[in-house]
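In this text, all values refer to a predicted model and were calculated from it rather than measured experimentally. Residue numbering restarts at 1 for every chain, and letters A, B, ... go by the order of the sequence lines.
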Amino acid sequence: MEIPKTYDPKQAEELHYARWEREGCFAPEINGDAEAPVYAIVIPPPNVTGSLHMGHALQHTIMDVLTRFRRMRGFRTLWLPGTDHAGISTQIMVERQLKKAEGLTRHDIGREDFNARVWKWKEQYGGEITRQMRREGASVDWSRERFTMDERLTRAVREFFVRCYEDGLIYRGPGIINWCPKDQTALSDLEVDKESQAGKLYYLQYPVQGSERRVSVATTRPETMLGDTAVAVNPNDERYRDLVGQTLVLPIMGREIPIVADEFVDPEFGTGAVKVTPAHDPNDYAIGKRHNLPQVQVIDQYAKMTADAGAEFAGLDRYEARTKVVEKFEDLGLLEKVADYEFAITKCERCGTVIEPLISTQWFLKQAELGRAPLELIREKHEPRFVPENPYEKTYTNWLENLHDWTLSRQLWWGHRIPAWYDESGGVYVARTEEDAKAKAGTDKLTQDPDVLDTWFSSALWPISTLGWPDEDAPDLKTFYPTAVLVTARDIISLWVSRMMMTGMKFEGRKAFDDVFITGTIFDKHGQRMSKTKGNGVDPLGVFDKYGVDATRLVLASIGSTDTRWNDNQVESYRNFANKIWNAARFCLLNSEGADMSGKGWAHAEDWTLADRWIRSRFFRTARDVNEAINGYDFHQAVQSLYHFFWDDFCDWYIELTKADVTAAEDTPARSGARSRLLTILEQSLRLLHPFMPFLTEELWQRLPGVGKDLHHRAYETADVTPTIMLTSYPQFSKKFDTRKIDERAESEMRAIIELISRVRNIRTELGLKPSEEIEIILNTEDERLLEVLGETSGQIMRLTRAGKGMRRPGRAGVTIEVPRASARAALAGGAEVAVPLEGLIDFEQERARITREREKQEKELQKTEAQLLNPQFVERAPAEKVEELRQRAADTGQRIKALGEMLEALGE
RNA sequence: GGCCGGUUAGCUCAGACAGGCUAGAGCGCCAGUCUUACAAACUGGAUGUCGAAGGUUCGAUUCCUUCACCGGCCACCA
């Protein structure tokens, strides 16, 4: 059989994914067991404009591990893929392209034509991220791929809107909103970023009407004073108490404005008096409402000053106006002072333009009402379960406790058009279709609201809309809802997670998912967040190319929910692991002739060696750990267990111990038995690894002799597919039924053998023996069981220590083999000792030093242990088993010290 | 301002929820090796007052308090 020496990930990756997809392995229908439990995940839909970044790769890896794991356990498994239309991002991108290619704006070509182009763009380029997901090995059901602007999902959006409108949760009206002067649209509070910025705090003086007195107000935005309609003070502020109810003359404008008392004002800050601009500040808007103040809009939607700002200012940019206002105040002698001040500035998340709060008529959703049910659920039952629970359950709860109305409408063209129509007299008709609206209005002369909905409005429906809602009898909705887990990043817990819970509970009466797994954040090697603008992102595809997808997935799975600095070394080490697996399998395959890898498990137990019993025990221990780890979302632990089992136990020890039997020249039952067991362990290990390393494991599994559908999980027995490891059953360990699979005795016996071999190897190195030099070993022990095991494994021990000159040991307990003086010796557990006679090679002085060193180390350890045991309070208060444990350790250490002392004595002076 | 996290070997990270195991892994480092699967390997080895200071305890890297530095989420202080 020809097998290359190194694993080439590329060809395996291309080969297997295409076949899995073609044969429908990812679809839940592959499962033929009508009684099978269900496991469903919907993907957080990436933006159509996006391309894969490490964060995606991380989330997808976690989801794929979970999905493949459950699939192999026989669950009816669905991982549903799809993309988001990403309103603003996509529109901006296509606009930019239009400008670049044809020098046109969207207004030049009109709404209809523009949207047609966006669709065309989506068809052409929107598939990039889904192609990249295939590269990752994501076992998503492509036949159920969804897009937030699909016909059905659009229907869901309208249903959501109409139902909420009918329930009084959605309303249209004026409100103060975040306005982006560049993108020309309203934005929700979650689509803006707050940034700290060094700026100035201007202290302006407003004269009191009919008095010499002036009131100072502090502001970071002097230009808004042109729209001031009051000054507010705290009602308990003695300094201003007498002024409340009086009037100020607004400088420049000459307008008379009242002084009002409002609890909102913090007397400690600034001057204790606040200028109130209801039209351009959310707080002032609220104060204005409370005191019935007029709203004077002095800044328009382009961030230019309006006519109401006065002829002098009208048309100026807001920042030019700021300079000019300050100059004016200075001229008027009303500028008290200017101080350096750091404050938060709000910017558009997309374009970075400073947001202008404006009063505007928009559509709003009363989130507080929708949030009530999810809030109750998390408070009372801690559902959904967040992983990690801390701090995310709190993040989620806090958000639900402080819900504000959600600005739904966007002045964009790309997105779900608001299902509201107006008649000629301004009457509003909200309806599922235009026909319905016409029927309601009793006229054909209706105009649809030009605005579209916030992208997150459709995202909020994702788990139900992708499964078929609003069709109440949609089969997928019945089968797969609620989903098992949502895997996402922490920054959209409020934006998205909470809202899916709201819609799920409102429309389906149940939580959208049982668990929420929050992935960690991947930083660059300097601890900086990866971002396109910084250009410090690591491209997952580049990493795939360099190290292979499977190796990358292991790193990502290990990262799980931990924040991590990306490091190629990590991937390299898992690339090496992949290669290790490849070569171990290569060894097994090169020695597979005559093997009967029925996969039926572990036949002919009577022929087993200690190594066989041991590896089987280690295997099931690993299977148990890995199952537990995945169930508990502890992917790091799962990967560690797999890595160490495969590399340390299987490769370093099991293959080495069985090598002689497996590679024997003659075809005997012993050889074929050894080969069969070796292949069986390999096959089972590949299954255990498969959810993490789908490509490599499939590639190797396909090459194993005798693999077929009979190895499939019984749920996939009838599946019409090429036999594949992804449909085999995942190795299980049941505490109830499989206790015998873990063999404590075999493990403890192997520990002794491993210690023996390691000590001899250590002696070899310390004495500078060449690896090729053959030695003799003498082993003395009183332990009958050890003697018995040694009898069975002496050949293997001799091979692994290169003891070509033989190994001598007592025939029975109570007998001691005499050790020549010129020997290197070491103490083992249980008072056993090993010696390597090296006539002529031993420097007695050095050997004494070596043993003395070892004895000192052991004595130090014994001292520590005994100090504790001598403490009566410890013996009295510590749990009995702790004390016993320590006594045993003390006894073992004591035995070693004694043995080492005897060795020194034997060495003489 | 509120809430929360991190600080363990040169680097990237486990361990800590349920205190006691000689504190681990990978990479890197030192020495040696082509030992018939693998030099992306093998064998052996060195490396940490577990951020600082207190406290609780028979016992603290782990629990509590304070502090320092780094970071996150939320928030209407002009």
Side-chain angles (χ1 to χ4, degrees), chain A residues 3 5-7 189 194 201 217-221 224 232 264-266 268-277 281-287 341 343-344 357 388-392 394-395 398-399 402 404 490-491 493-494 521 523 525 527 529 547 551 555 558-559 562-570 572-591 636-637 640 643-644 651-652 655-656 659 663 758 761-766 768-772 799-800 802 857-858 860-861 864-865 868 871-879 882-883 885-886 889 893:
Chain A
I3 306 171
K5 267 186 145 180
T6 35
Y7 170 52
D189 292 344
K194 297 219 167 144
L201 191 59
V217 295
T219 179
T220 54
R221 300 195 60 195
T224 61
F264 165 79
V265 180
D266 175 4
E268 304 295 316
F269 187 87
T271 62
V274 186
K275 61 190 272 313
V276 182
T277 322
D281 183 281
N283 300 317
D284 295 2
Y285 179 78
I287 295 177
Y341 184 62
F343 63 103
E389 183 182 317
N390 196 346
Y392 301 120
K394 210 160 181 173
T395 304
N398 287 348
W399 169 254
N402 297 294
H404 300 285
R490 60 169 164 254
D491 44 355
I493 290 176
S494 347
T521 307
F523 301 99
K525 63 180 170 190
R529 197 176 262 277
Y547 300 104
V555 175
S558 294
I559 286 173
T562 320
D563 287 358
T564 303
R565 298 180 180 206
W566 185 262
N567 189 339
D568 267 8
N569 286 340
Q570 195 87 6
E572 196 176 330
S573 93
Y574 285 121
R575 188 269 317 263
N576 295 352
F577 179 51
N579 196 233
K580 186 74 181 178
I581 298 170
W582 178 261
N583 277 294
R586 184 164 172 265
F587 172 78
C588 300
L589 287 167
L590 290 171
N591 295 288
H636 183 271
Q637 184 56 49
Q640 288 303 304
Y643 184 96
H644 291 292
C651 294
D652 288 353
I655 289 183
E656 294 307 331
K659 202 171 244 177
T663 59
S758 302
R761 283 173 171 169
N762 173 252
I763 286 173
R764 297 187 62 115
T765 316
E766 290 205 25
L769 292 188
K770 280 203 186 115
S772 54
R799 267 203 44 202
L800 298 187
R802 303 220 55 155
K857 203 172 125 195
Q858 295 290 336
K860 223 168 136 188
E861 174 56 27
K864 225 171 101 183
T865 319
Q868 257 194 87
N871 180 344
Q873 311 217 50
F874 169 72
V875 181
E876 214 173 285
R877 299 193 192 183
K882 288 286 176 207
V883 179
E885 203 180 298
L886 230 60
R889 200 194 311 160
T893 316

| query | Listed by chain and number, what are the ring pair (Phe, Tyr, Trp, His ring centres under 6.0 Å) partners of Y7(A), not counting sequence neighbours? | reply | W582(A)
| message | Under the rule for salt bridge (Lys or Arg N to Asp or Glu O under 4.0 Å), what residues qualify as partners of R764(A), not counting sequence neighbours? | response | none
| query | Tell me, do V555(A) and Y547(A) make a side-chain contact under 4.5 Å, heavy atoms counted? | reply | no
| query | Just how far, in rounded Å, is P of rC73(B) from CD1 of I493(A)? | reply | 10 Å
| query | In chain order, what residues pass the ring pair (Phe, Tyr, Trp, His ring centres under 6.0 Å) check against Y643(A), with sequence neighbours excluded? | reply | Y574(A), F577(A), W647(A)
Nucleotide N/O to protein N/O under 3.5 Å, stretch nucleotides 31-36 of chain B:
residue : atom : partner : partner atom : Å
rU35(B) : O4'  : R802(A) : NH1          : 3.3

| field | Partners meeting side chain to side chain contact (heavy atoms under 4.5 Å, CB included) with Q868(A) (sequence neighbours left out) | value | F874(A), L886(A)
| query | For R761(A), which residues count as a salt bridge (Lys or Arg N to Asp or Glu O under 4.0 Å) partner, sequence neighbours excluded? | reply | none
| said: Within the 4.5 Å heavy-atom criterion, are T224(A) and K275(A) side-chain neighbours or not? | reply: yes
| request: Using side chain to side chain contact (heavy atoms under 4.5 Å, CB included) as the criterion, list what pairs up with A218(A), not counting sequence neighbours. | output: L201(A), Y203(A)
| note | Here the pair of heavy atoms bringing V265(A) nearest to G272(A) is CG1-O, 3.3 Å
| query | Side chains of E766(A) and N762(A): donor-acceptor distance under 3.5 Å anywhere? | reply | yes
| Rounded to whole angstroms, how far apart are CZ on R490(A) and P on rC3(B)? | 19 Å
| Between rU43(B) (C1') and L800(A) (CG): distance, integer Å | 11 Å
| Do K580(A) and rC38(B) share a donor-acceptor pair, side chain to base, under 3.5 Å? | yes
| Reckon R586(A) touches a base, only the sugar-phosphate, or nothing at all at heavy-atom distances under 4.0 Å? | sugar-phosphate
| field | Distance, C1' atom - from rU49(B) to rU7(B), rounded to whole angstrom | value | 16 Å
| What interatomic distance, in whole Å, is found between P of rG19(B) and the corresponding atom of rU57(B)? | 16 Å
| message | Reading 5' to 3' and counting Watson-Crick or G-U wobble pairs with both distances under 3.5 Å, write the dot-bracket notation for RNA chain B, | for bases paired outside the strand. | response | ((((((((.[[[[.)....(...]]]].(((((.......))))).....[[[[[..)....]]]]])))))))....
| request: Taking salt bridge (Lys or Arg N to Asp or Glu O under 4.0 Å) as the test, write out the residues that go with K580(A), two or more places apart. | output: none
| query | Any side-chain N or O of N762(A) under 4.0 Å from OP1/OP2 of rG45(B)? | reply | yes
| request: Give the minimum heavy-atom separation between K5(A) and N579(A), together with the two atoms involved. | output: O-ND2, 4.1 Å
| task | Figure out the CG/C1' separation between D491(A) and rG72(B), and round it to whole Å. | result | 10 Å
| said: Looking at rC4(B), I'd like to know if its phosphate oxygens (OP1 or OP2) sit under 4.0 Å from a side-chain N or O belonging to K394(A). | reply: yes
| task | Using the C1' atom on both, measure rC70(B) against rA52(B) and round to a whole Å. | result | 15 Å
| Side-chain ion pair, E861(A) and R889(A), N-O less than 4.0 Å | yes
| query | Does the side chain of I493(A) come within less than 4.5 Å of W399(A)'s, by heavy atoms? | reply | no
| message | On RNA chain B, compare the nucleotides closest to G527(A) and S573(A); which residue's is nearer the 5' end? | response | S573(A)
| query | So, is N583(A) close to the rA41(B) phosphate, meaning a side-chain N or O under 4.0 Å from OP1 or OP2? | reply | no
| Rounding to the closest angstrom, what is the interatomic distance between rU66(B) and rU12(B) at atom P? | 29 Å
| task | Under 4.0 Å between any heavy atoms, over every strand shown, what does N398(A) touch: base, sugar-phosphate, or nothing? Just pick one. | result | nothing
| message | Roughly how many Å apart are rC17(B) and rC3(B), using the P atom of each and rounding to a whole number? | response | 24 Å
| Whole angstrom value for the distance that separates C1' of rA37(B) from CG of N576(A) | 15 Å
| Rounding to the closest angstrom, what is the interatomic distance between rC30(B) and rC67(B) at atom P? | 44 Å
| To the nearest angstrom, how far is N402(A) atom CG from rG1(B) atom C1'? | 14 Å
| request: Grab the two heavy atoms, one from N402(A) and one from N398(A), that are nearest each other, plus how far apart they are. | output: ND2-O, 2.9 Å
| said: Without decimals, in angstroms, what is the distance between D568(A) CG and rG28(B) P? | reply: 13 Å
| message | If I pick the C1' atom on rG24(B) and the same atom on rC50(B), what distance separates them, to the nearest angstrom? | response | 12 Å
Under 3.5 Å, which N/O atoms of the protein pair with N/O atoms of nucleotides 76-78 of chain B?
residue : atom : partner : partner atom : Å
rC76(B) : O4'  : N283(A) : OD1          : 3.2
rC76(B) : O2'  : N283(A) : OD1          : 2.8
rC76(B) : O2'  : N283(A) : ND2          : 2.1
rC76(B) : N1   : N283(A) : OD1          : 3.0
rC76(B) : O2   : N283(A) : OD1          : 3.0
rC77(B) : O2   : D266(A) : OD2          : 3.1
rC77(B) : N3   : D266(A) : OD2          : 3.1
rA78(B) : OP2  : Y341(A) : OH           : 2.6
rA78(B) : O2'  : A218(A) : O            : 2.9
rA78(B) : N6   : D266(A) : O            : 2.6
rA78(B) : N6   : F269(A) : O            : 2.9
rA78(B) : N1   : D266(A) : N            : 3.2

| Can you tell me how far C1' in rC29(B) sits from the matching atom in rC73(B), rounded to whole Å? | 40 Å
| remark: E876(A) atom CD is separated from rU57(B) atom P, nearest whole Å, by 15 Å
| said: Each nucleotide in nucleotides 11-20 of chain B should get exactly one letter: B, S or -. Can you fill that in based on protein heavy atoms under 4.0 Å? | reply: SBSS-----B
| For D563(A), what residues pass the salt bridge (Lys or Arg N to Asp or Glu O under 4.0 Å) criterion, not counting sequence neighbours? | R490(A)
